[in-house]
Each structure stands twice: as structure tokens, then as C-alpha cells.
Amino acid sequence: MHVVAQTEARKIEVVRAGDAGHRFDYIGSPDIINTDPQAFLVDRLYSGARIEPHFHDIDQLQVVVGGACRRGRKAANPVTRQ
């Protein structure tokens with residue numbers, strides 16, 4: 001099991017449409033394709049944020065931890081509510 005503190009994650013600023021979001025690389029790198037575990041956190045905290053449709057070379061699991069979003073035509077609700 002890998003354990004990584006947020007302070008150890010590589011933080012990348014992602015600017016779209018004049019607003020900024022972030023990607024935190026906890027385990028692995030999106031630039032390297034292999035079968036080792038990977039873990040990333042993507043923050044898009046501004047209204048109307050959008051990630052364009054794309055594909056990945058390896059299977060992935062997305063977990064929505066807050067906010068509201070859609071994956072294609074389906075709603076992706078957060079796993080916890082406060």
C-alpha cells in the first residue's frame with residue numbers, strides 16, 4: 001500500500017478559460033504508461049469547469065468527492081455530502 005501526504009504530491013496548475021485548476025500527482029505520472037498504481041487529484045473549483053472528452057491507455061476509476069458534475073450524459077454525484 002502506498003501512502004502519500006498532500007505535501008509530497010506534485011502540484012500542477014492547469015489554466016482554462018481564464019480560471020485555474022490543479023492536478024496533484026500523488027502516485028505515478030500521467031506521462032508514463034505502465035501497470036503500476038497511479039493516483040491523481042484533479043481540482044476544477046470554478047463555475048462551468050469542463051474537461052474535454054478524451055481517453056486513457058489504462059483503466060481508470062474516478063471518484064467525485066464534492067460538487068456536481070456530469071460524465072457524458074450521466075450525472076456523477078459526490079460520494080459524501082456535508
Side-chain angles (χ1 to χ4, degrees):
M1 175 183 199
H2 293 276
V3 177
V4 180
Q6 184 174 7
T7 56
E8 297 175 280
R10 184 175 64 155
K11 183 179 180 180
I12 311 292
E13 184 175 60
V14 180
V15 178
R16 299 276 192 274
D19 287 302
H22 297 93
R23 185 187 78 226
F24 296 87
D25 298 349
Y26 280 86
I27 301 171
S29 170
D31 303 325
I32 299 172
I33 300 169
N34 59 38
T35 58
D36 293 335
Q38 295 182 333
F40 310 102
L41 171 65
V42 178
D43 279 338
R44 300 292 187 267
L45 302 176
Y46 49 91
S47 179
R50 179 180 170 96
I51 298 173
E52 294 298 324
H54 61 284
F55 73 95
H56 295 271
D57 293 313
I58 59 175
D59 291 340
Q60 291 197 343
L61 170 71
Q62 286 78 35
V63 178
V64 178
V65 296
C69 68
R70 301 184 68 74
R71 290 189 59 217
R73 295 181 180 150
K74 296 183 179 183
N77 297 318
V79 294
T80 61
R81 294 183 188 265
Q82 294 183 351

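Hydrophobic cluster of Val4: the remaining members, joined at side-chain heavy-atom separations below 4.5 Å, are Phe24, Tyr26, Ile27, Leu41, listed by chain and number.
Considering only heavy atoms from C-beta on, Arg44 comes within 4.5 Å of Val14 through its side chain.
Considering every non-hydrogen atom in both His22 and Glu13, the closest pair reads CD2-CA, 3.9 Å. The two residues Pro30 and Phe40 come nearest to each other via the heavy atoms CD-CE2, 3.4 Å.
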Below 3.5 Å, can you tabulate the donor-acceptor pairs from side chains in residues 60-70 to any protein atom, sequence neighbours excluded?
unit_1: Gln60; atom_1: OE1; unit_2: His56; atom_2: NE2; d: 3.4
unit_1: Gln60; atom_1: OE1; unit_2: Gln62; atom_2: NE2; d: 3.1
unit_1: Gln60; atom_1: NE2; unit_2: His56; atom_2: ND1; d: 3.2
unit_1: Arg70; atom_1: NH2; unit_2: Arg73; atom_2: O; d: 2.2

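Applying the salt bridge (Lys or Arg N to Asp or Glu O under 4.0 Å) rule to pairs touching residues 21-36 yields Arg10-Asp25, Arg23-Asp25, sequence neighbours excluded.
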